[in-house]
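Report on the following structure.
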Amino acid sequence: MNLLSLIRQRFAPALSELVPDVSPLLDMIRPAQDAKFGDFQANFAMPLAKQLGKPPREVAQQVLDRLDLSDFCEPPEIAGPGFINVRLRADFVASRIQQIAGDDRLGYQPVALPRHVVVDFSSPNVAKPMHVGHLRSTVIGDAICRTLRFVGHKVTSDNHIGDWGTQFGMIIYGYRHFRDDASWQASPVGELARLYKLVNQLSDYHATTAKLPLLQKAVTEAREKLAQLQAQAVADDKVKKQLSAMKKDVTTADAELSAAVASIARIQDSPSLLASANAHPDIARKAREETARLHAGDPENNALWNQFLPSCLEALNQIYRRLGISFDLTLGESHYNPMLPGVVESLKSRGLAKLSEGATCVFLEGNAAPFIVQKTDGAYTYATTDLATILYRRESLKADEVLYVVDKRQSEHFQQLFATTLLWGISGLKLQHVSFGTVMGNDNKPYKTRAGDTVGLESLLDEAISRARRIVDENDDRRETPLLTPEDRARVSEIVGLGGIKYADLHHSRDSDYVFDWDKMLATTGDTATYMQYAYARVCGIFRRLQIDRTAMKTQGVPVLLNTPEERRLAMQLLMFGYAIDSVLNDYRPHLLTAWLFDTADAFSQFFDRCSVQNAESEELQKSRLILCDLMARAIHTGLSLLGIQVAEIM
RNA sequence: GCGCCCGUAGCUCAGUUGGAUAGAGCAACCGCCUUCUAAGCGGUAGGUCAGUGGUUCGAAUCCACUCGGGCGCACCA
C-alpha cells in the first residue's frame, strides 16, 4: 500500500467519530508541500471546524486525541490555522526501503481490478509523411500505455491510421497523372509524398484563385467599416471596443489575402507547376471522385490502394522502430469501411439521425453544428468511422475504456462523438479525449521550417541525435581518459537525443501549447532527460568504482541508515514512486512522472555530493548507501522506461 | 455571431482540483573539482499570479465583468 493510503486509512476511524462522511476529508490529506512541514499534511480541520462550529485548532486537537500513529510517525503537530503535519519516523522509512530494496517496481503492487483500456494514439495519415504534430500524440500515448501496463491493466494500443480518406484519392489521381517512374522505383513512399503534396498544392491553387476576389472584397469592406467608425468623433467604450475588433478584422483579412497571394505566386512563379495547374482545372473534384470510386469498390483503385499501403506502413514503422514504439493493432479507417452503412442505418432507425440539407446528421442539444454521418454525395465522414470504431472496440475488443490521445482542437468533435455514442445506447464503456496542445515555434506560431513547411519527424530525429552526438563527444573528449568508444558514443547519442525529444514533450502539462526549442531540449543543464540519465550513469559509476555487481548484490536484510537529510530525502522520494504513478493515471498526465523523476534525480545529486559511498564512515553505512544507490538506479530506469526513455551505464 | 481554452519571475513552464511566506529550469551574479562522472552541487537576485469586483476562515485556483492572446464552428480528417 502506498504511504498516503496508509496515513488516510489511519485517520479514517478518528474522523468517523466526528462526522459521518469521512472520504472528502481524507482526500484533504496530502504529501506536504514543503519539507519543513514534514512528510504529509492534513488540511481538513478548517472546513470541519466550520461544520462542527468549533475553532479549527481545537478540532485538529480532537482528531489527534483519537489518533495514534506512534508506531510509524513522529507525534503529529498542529500548525498555523489548523494544519496537521505528519512526519514519518526514520526507522519506519528505513524499514520500508529495506522492504522494496532490489525491486524494479519499487514495491508497486499491480491493481486488483484490471481494466481493458484501448489507447488510440499517433494516428498519422499514410499519404503524408509524419511531422512534429504527430510527435506529441505518439509520445504521450506511448507513455500512457506503458504506465497503464505497469500498474497491471490490459492495454491495447491501436494506431488508427488515416488510410481511407480524401488524401488517398489525391495520391491515386497524382499517381495516374504525375508519376515519375524513376522516383517511384527508387522510393515509392517519397514519390507518393511528392504526389500528395503536388495534388494538394494544385487543388489549393484553384480554390484560392477562385476565392481571391472574395478575400479582396473582405479586405476592402473591413477597411471601409474601420474608416467609417474612425470618422465618428464620439469615443465611448462601446465604440472603442468595436474599433479594436475592426482593426483585428482588417489585420486578419490582410493576412489571409497575402497568404493567398503568396500561395498563388508559388505556383505562378514555376512554369511547370503553372502548366500542371492549367492542365488540371478540376483536380480537386476529380481527386474526390477517385476517393469515391475507391470506397465504392472500384477494382483498379483498390488495386492501387493495396499496392501503396504496404510501403506507406513500412515508412511509418521505420519511424516507430527508431522511437522504440510499437502498437498492438494498426486498424486504419479502411478497416471500418464495411461497417459504415450499418452505423448510419442504426442511427436512423433509432431516430437519432435525419436528413438535413442533403446530409445525414445527428443533432445534439447545445451544439449549433450537426454531427454529420453521411455527406450529400453519399460518402461517410470520420464521425461515422469513429462511431464504427467505438462499436468495434466495445463489442469485438471488449474494451472497458478508450483513450483518444488527440490534439485539443478536436475537442468539439469528441464531445459530439461521445454524446452520440451515449444516445446510441453503447454503455459500459468509458471514453476520454486525452487532449494536448500545439507544438509552437520560437515565433509562438505552430512549429514550421523557415520555408513554412511542417517539419518531418524523420529529420527531427536525425537532428536530435546529431546534436546529442556533439554534446557526447565534447564531454567525453574533455576527460583525461575518455570513457567511450565510437560505438558507445553513437549509442549514447541516440539514447540522449531521443530521450531529449520525448522528455521535452512529456514534461509539459499536456493541454498547454509549448515552444519547441532544440537548445532547451538537449541542454546539458536543468530539467531534461539528460539530467536523469546522467544521474543514472553516475550511480552506475559508483558500483563500477567499487567493483560491485549491482544485479548480484545482497539487498535483503541489510540495515538501512538514514541519518543525513540527503539520505532521508532520497529515501522518501523513492517511497513516493507509487503516488507519482497513481497521480499520472488519475488524469493521464505523464508530466507528473517527469516531475517525480526530476525531484528524485535532484535528491540523488545532493546525496551524491554530500554522502560519499566510497568513503563512508563505516562498512555498515556504505552497505546502506549502496542499497539506496541501487534503488535509485532502478527508480530512474523504471520511471524513464514508462516514458519510453532509455538509460546508459556510462555517458 | 456562437462556443472552448489561455494570461504566473527577463525567457520556458509547474502549481496535486480552495490551504501555510506562489515554485522549478534557463538566463544573470557569487562560490565549490588532489576523494564515487562538475552533463554536478551550494548561494544571491528576480512576482500587483492581466485587471476590477464578488463568494469565505482562506483565492493563482471558484463566480461575474473588463482588457489582451489562441483555437474551433455543415458535408477535410
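Order of the sequence lines fixes the chain letters, A, B, ..., with proteins taken first and strands second; residue numbering starts at 1 for each chain.
Residue A:K50 places at least one side-chain N or O closer than 4.0 Å to OP1 or OP2 of B:rC57. For the pair A:S612 and B:rC36, the criterion of a side-chain N or O lying under 4.0 Å from OP1 or OP2 is not met. For the OP1/OP2 pair of B:rA14 and a distance below 4.0 Å, the side-chain nitrogens and oxygens of A:S512 include at least one atom meeting the criterion. In this model, the phosphate group of B:rA39 is approached by a side-chain N or O of A:R478 to a distance below 4.0 Å at OP1 or OP2. Between A:T530 and B:rA39, a side-chain N or O to OP1/OP2 separation shorter than 4.0 Å is absent.
The C1' atoms of B:rA22 and B:rU16 are separated by 15 Å, rounded to the nearest whole Å. Atom name P, nucleotides B:rG15 and B:rA77: the rounded distance is 35 Å, in whole Å. For the P atoms, the distance linking B:rG25 with B:rU21 amounts to 22 Å, nearest Å. Spacing of C1' atoms, B:rG18 relative to B:rA9, comes out at 24 Å, to the nearest Å. With C1' as the reference atom, B:rU44 and B:rA50 are 29 Å apart, rounded to whole Å. The separation of B:rC4 from B:rA45, taken at their C1' atoms, amounts to 40 Å, rounded to a whole angstrom. The gap from the P atom of B:rA39 to that of B:rG46 amounts to 30 Å, rounded to the nearest Å. Here, B:rA20 and B:rA59 have their P atoms 10 Å apart, quoted to the whole Å.
Following rounding to the nearest Å, A:D477 (CG) and B:rU37 (P) show an atom-to-atom distance of 18 Å. Taking atom OH on A:Y588 and atom P on B:rU17, their separation rounds to 18 Å, with Å as the unit. A straight line from CD of A:Q416 to C1' of B:rC73 spans 9 Å, rounded to a whole angstrom. Computed from coordinates, the A:E412 CD to B:rC4 C1' distance equals 6 Å when rounded to whole Å. When rounded to the nearest whole Å, the span between CG of A:D473 and P of B:rA39 equals 15 Å. Between the C1' atom of B:rU21 and the CD atom of A:Q33 lies a distance of 10 Å, rounded to the nearest Å. In this structure, A:H413 places its NE2 atom 15 Å from P of B:rG72, rounding to the nearest Å. In this structure, A:I650 places its CD1 atom 14 Å from C1' of B:rC36, rounding to the nearest Å.
A glycosidic torsion no more than 90° from 0 defines the syn conformation; B:rC6 lies beyond that range and is anti. For B:rU17, the glycosidic angle deviates from 0 by 90° or less, giving a syn base.
Distances were taken from every side-chain heavy atom of A:R610 (C-beta onward) to each of B:rC41, B:rC13, B:rG19; the shortest belongs to B:rC41. Taking the side chain of A:I372 as heavy atoms from C-beta on, and the options B:rA77, B:rA74, B:rA14, the nearest nucleotide is B:rA74. Of all nucleotides listed (B:rA77, B:rC36, B:rU12), B:rC36 comes nearest to the side chain of A:I542. Proximity note for A:R409 (side chain, C-beta onward) versus B:rU35, B:rC73, B:rG72: the nearest is B:rG72.
Residue-level contact check: A:A79 touches the bases, meaning some heavy atom is under 4.0 Å from a base atom. Using a 4.0 Å heavy-atom distance criterion, A:F543 is classed as making no nucleic acid contact. Nucleic acid contact for A:C629: none, since no nucleic acid atom lies under 4.0 Å from a heavy atom of the residue. Counting any heavy atom pair closer than 4.0 Å across all strands shown, A:D513 reaches sugar-phosphate atoms only and no base atom. Within 4.0 Å (heavy atoms only), A:D602 reaches sugar-phosphate atoms of the nucleic acid but no base atom. At the heavy-atom level, A:F37 lies under 4.0 Å from base atoms of the strands shown. Backbone-only contact: A:Q606 has heavy atoms under 4.0 Å from sugar-phosphate atoms and none from a base. Looking at heavy-atom distances under 4.0 Å, A:H591 makes contact with sugar-phosphate atoms alone, never a base. Among the protein residues, A:Q167 comes within range of no part of the nucleic acid, since none of its heavy atoms lies under 4.0 Å from any strand. The residue A:Q533 sits apart from the nucleic acid: no heavy atom pair falls under 4.0 Å.
For A:S137 (side chain) and A:S122 (main-chain N/O), a donor-acceptor pair under 3.5 Å exists by modelled atom type. Under a 3.5 Å cut-off, the side chain of A:H134 and the backbone N or O of A:H131 do form a donor-acceptor pair. In this structure, A:E77 contributes its side chain and A:F83 its backbone to no donor-acceptor pair below 3.5 Å. Side chain of A:D513 to main chain of A:T438: a donor-acceptor pair is present (N/O by atom type, distance under 3.5 Å, no hydrogens or angles).
Scanning atom types as modelled, one donor and one acceptor separated by under 3.5 angstrom connect the side chain of A:N85 and the base of B:rA20. If you check distances only, the side chain of A:T385 never reaches the base of B:rA77 with a donor-acceptor pair under 3.5 Å. Taking only distance into account, the side chain of A:N615 meets the base of B:rU35 through a donor-acceptor pair shorter than 3.5 Å. Put simply, the side chain of A:Y579 and the base of B:rU16 share a donor and an acceptor less than 3.5 Å apart. Put simply, the side chain of A:R589 and the base of B:rU16 share no donor and acceptor less than 3.5 Å apart. At a cut-off of 3.5 angstrom, counting only N and O atoms as typed in the model, there is no donor on one side facing an acceptor on the other between the side-chain of A:Y534 and the base of B:rA39.
Under the stacking definition used here (centres under 5.5 Å, planes under 30°), the residue A:F83 qualifies as stacked on the base of B:rA20. Residue ring and nucleobase are not stacked for A:Y531 and B:rA39 under a centre distance beneath 5.5 angstrom and an angle between planes beneath 30°.
Side-chain atoms of A:Y531 and A:S605 form a donor-acceptor pair, as typed in the model, at a separation below 3.5 Å. Side chains of A:D602 and A:T600: a donor-acceptor N/O pair is absent below 3.5 angstrom, by distance only. Of the N and O atoms on the side chains of A:S334 and A:N337, not one donor lies less than 3.5 Å from an acceptor on the other residue.
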Checklist entry - Going through the checks in order, is the side-chain hydrogen bond (donor to acceptor under 3.5 Å, both in side chains) test met by A:Q41 and A:D34? => result CA-CA 10 Å; A:Q41 63 181 60; A:D34 193 311; over 6 Å; no

Next on the checklist: side-chain hydrogen bond (donor to acceptor under 3.5 Å, both in side chains), that's the test. Do A:Q415 and A:N367 meet it? Break it down for me.
Outcome noted: CA-CA 10 Å; A:Q415 181 256 320; A:N367 286 87; 3.2 Å; yes

Item to check | Worked verdict on A:D477 versus A:R489 for salt bridge (charged side-chain N to carboxylate O under 4.0 Å, His left out) | outcome: CA-CA 11 Å; A:D477 287 340; A:R489 290 183 179 197; 2.9 Å; yes

Checklist outcome for this item: For RNA chain B, the dot-bracket notation using Watson-Crick and G-U wobble pairs below 3.5 Å, [ ] for pseudoknot-type crossings and | for other-strand pairs, is (((((((..((((.....[...)))).(((((.......))))).....(((((..]....))))))))))))....

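Along RNA chain B, the nucleotide closest to A:R30 and the one closest to A:A369 are compared, and the more 5′ of them pairs with A:R30. Residue whose closest nucleotide on RNA chain B sits further toward the 5' end, between A:P47 and A:A468: A:P47.
With A:F436 as the aromatic partner, A:R136 does not meet the cation-pi criteria of under 6.0 angstrom to the ring centre and within 45 degrees of the ring axis.
Ring-plane geometry between A:H507 and A:Y503 is classed as parallel, the angle between the planes falling under 30 degrees on a 0 to 90 degree scale with a further cut at 60.
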